[in-house]
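Computed from heavy atoms alone, side chains included, the values below leave out hydrogens, waters and symmetry copies.
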Amino acid sequence: MSQAEESYQRRLARNLNELLQELRVAQAGVQILFGFLLSIAFTERYAAADAYIRATHLITVLFAAGAVALLTAPAAWHRLLFRRGRREYVIEVANNFAIVGLACLAVAMTGTILLLGEVIIGGWVAIALGAFAAVVFGTMWFAWPWRERGRDTVEDDEDDEDRLE
């Protein structure tokens, strides 16, 4: 293997390791959130909840489950395609899973804040809390970073080595 190929392979390995490390952080949070959301259904207060609370809870649980699936999938892909020469493809797919998984997590977090707001305060204040959470997650996790991407001087058509950074 040439030095350039070795360097490219090292860069791929580093990118994959960084992605998996980032996902470990997100996975812990989403798994705790998922467990919390599951436990709610087994409380006395939940038994008396109205259809709006139950529907919001179910949708929130489904988004949390989607986040768990998407944020853990890259580890499975890596393990199943390990040493198959598909690292670049695994990174590309894992990156997409991570972005969609974070979007699911943002919706689940927003739904959780809305649910807690409804149970604790109720009414328009709960909806305002949920909307505020959506704006915060949407801004910090997506709008701001995408705005920064637009400021990049890196061209989209540069070779794959540079885009993997």
Side-chain angles (χ1 to χ4, degrees), residues 11-84 86-149 164-165:
R11 182 174 288 137
L12 285 174
R14 189 187 76 242
N15 277 282
L16 182 60
N17 286 333
E18 287 174 2
L19 179 63
L20 292 175
Q21 286 291 68
E22 292 165 4
L23 291 173
R24 283 186 188 103
V25 171
Q27 286 171 356
V30 75
Q31 290 170 341
I32 292 167
L33 175 64
F34 188 68
F36 166 73
L37 289 169
L38 289 178
S39 69
I40 290 174
F42 301 103
T43 63
E44 287 182 37
R45 191 160 185 185
Y46 187 80
D50 63 14
Y52 167 70
I53 297 288
R54 289 173 179 258
T56 302
H57 179 254
L58 178 60
I59 292 166
T60 301
V61 167
L62 293 175
F63 272 99
V68 168
L70 289 160
L71 295 173
T72 57
W77 276 65
H78 175 257
R79 191 53 25 211
L80 291 171
L81 296 175
F82 184 65
R83 294 191 182 183
R84 301 274 179 177
R86 311 269 313 268
R87 186 178 284 156
E88 186 174 349
Y89 179 67
V90 169
I91 292 169
E92 182 181 328
V93 170
N95 184 62
N96 292 332
F97 283 161
I99 292 168
V100 176
L102 288 171
C104 286
L105 178 56
V107 173
M109 291 294 295
T110 299
T112 301
I113 290 168
L114 174 62
L115 275 172
L116 290 173
E118 282 294 338
V119 171
I120 296 168
I121 301 168
W124 68 268
V125 175
I127 294 170
L129 286 171
F132 179 73
V135 168
V136 169
F137 286 113
T139 300
M140 291 181 69
W141 288 7
F142 300 102
W144 196 350
W146 268 319
R147 181 175 149 240
E148 290 299 315
R149 277 180 66 140
L164 290 172
E165 291 287 322

For a 4.5 angstrom cut-off between non-hydrogen side-chain atoms, does F97 reach L71?
no
Around atom OH of Y52, are there more than 12 heavy atoms from other residues, nucleotides or ligands closer than 6.0 Å?
yes
Could you walk me through whether T56 and E118 pass the side-chain contact (heavy atoms from CB on, under 4.5 Å) check?
CA-CA 10 Å; T56 302; E118 282 294 338; over 6 Å; no
Output the distance between atom CZ (R147) and atom CH2 (W144), rounded to the nearest 0.5 Å.
8.0 Å
Do V68 and L105 have side-chain heavy atoms sitting under 4.5 Å apart?
no
Is there a donor-acceptor contact under 3.5 Å from the side chain of N95 to the main chain of I91?
no
Stepwise side-chain contact (heavy atoms from CB on, under 4.5 Å) test for F137 and T110
CA-CA 8 Å; F137 286 113; T110 299; 3.9 Å; yes
State the NE2-CG distance between H57 and L37, to the nearest 0.5 angstrom.
5.0 Å
Please walk me through it: do Q27 and R24 pass side-chain hydrogen bond (donor to acceptor under 3.5 Å, both in side chains)?
CA-CA 5 Å; Q27 286 171 356; R24 283 186 188 103; over 6 Å; no
For I113 and G130, which heavy atoms make the closest approach, and how far apart are they?
CG2-N, 4.3 Å
Is there side-chain contact between P74 and V90, with heavy atoms separated by less than 4.5 Å?
no
Backbone N/O of V136 and side chain of T139: donor-acceptor pair under 3.5 Å
no
To the nearest 0.5 Å, tell me how far T60 OG1 sits from F34 CZ.
12.0 Å
How close do L129 and G117 get, heavy atom to heavy atom, and via which atoms?
CD1-CA, 4.3 Å
Do any N or O atoms from the side chain of R54 and from the backbone of Y46 form a donor-acceptor pair under 3.5 angstrom?
yes
Measuring only between side-chain heavy atoms, which start at C-beta, is L102 closer than 4.5 Å to F142?
yes
Nearest 0.5 Å, what's the CZ-CG distance between R87 and L81?
11.5 Å
Looking at side-chain heavy atoms only, is the closest gap between M109 and F63 below 4.5 Å?
no
Shortest non-hydrogen contact from A64 to V30?
O-CG2, 3.8 Å
Which atom of G101 lies closest to which atom of A67, heavy atoms considered
O-CB, 3.6 Å
Measure the spacing between CG of L114 and CD1 of I127 and express it to the nearest 0.5 Å.
7.0 Å
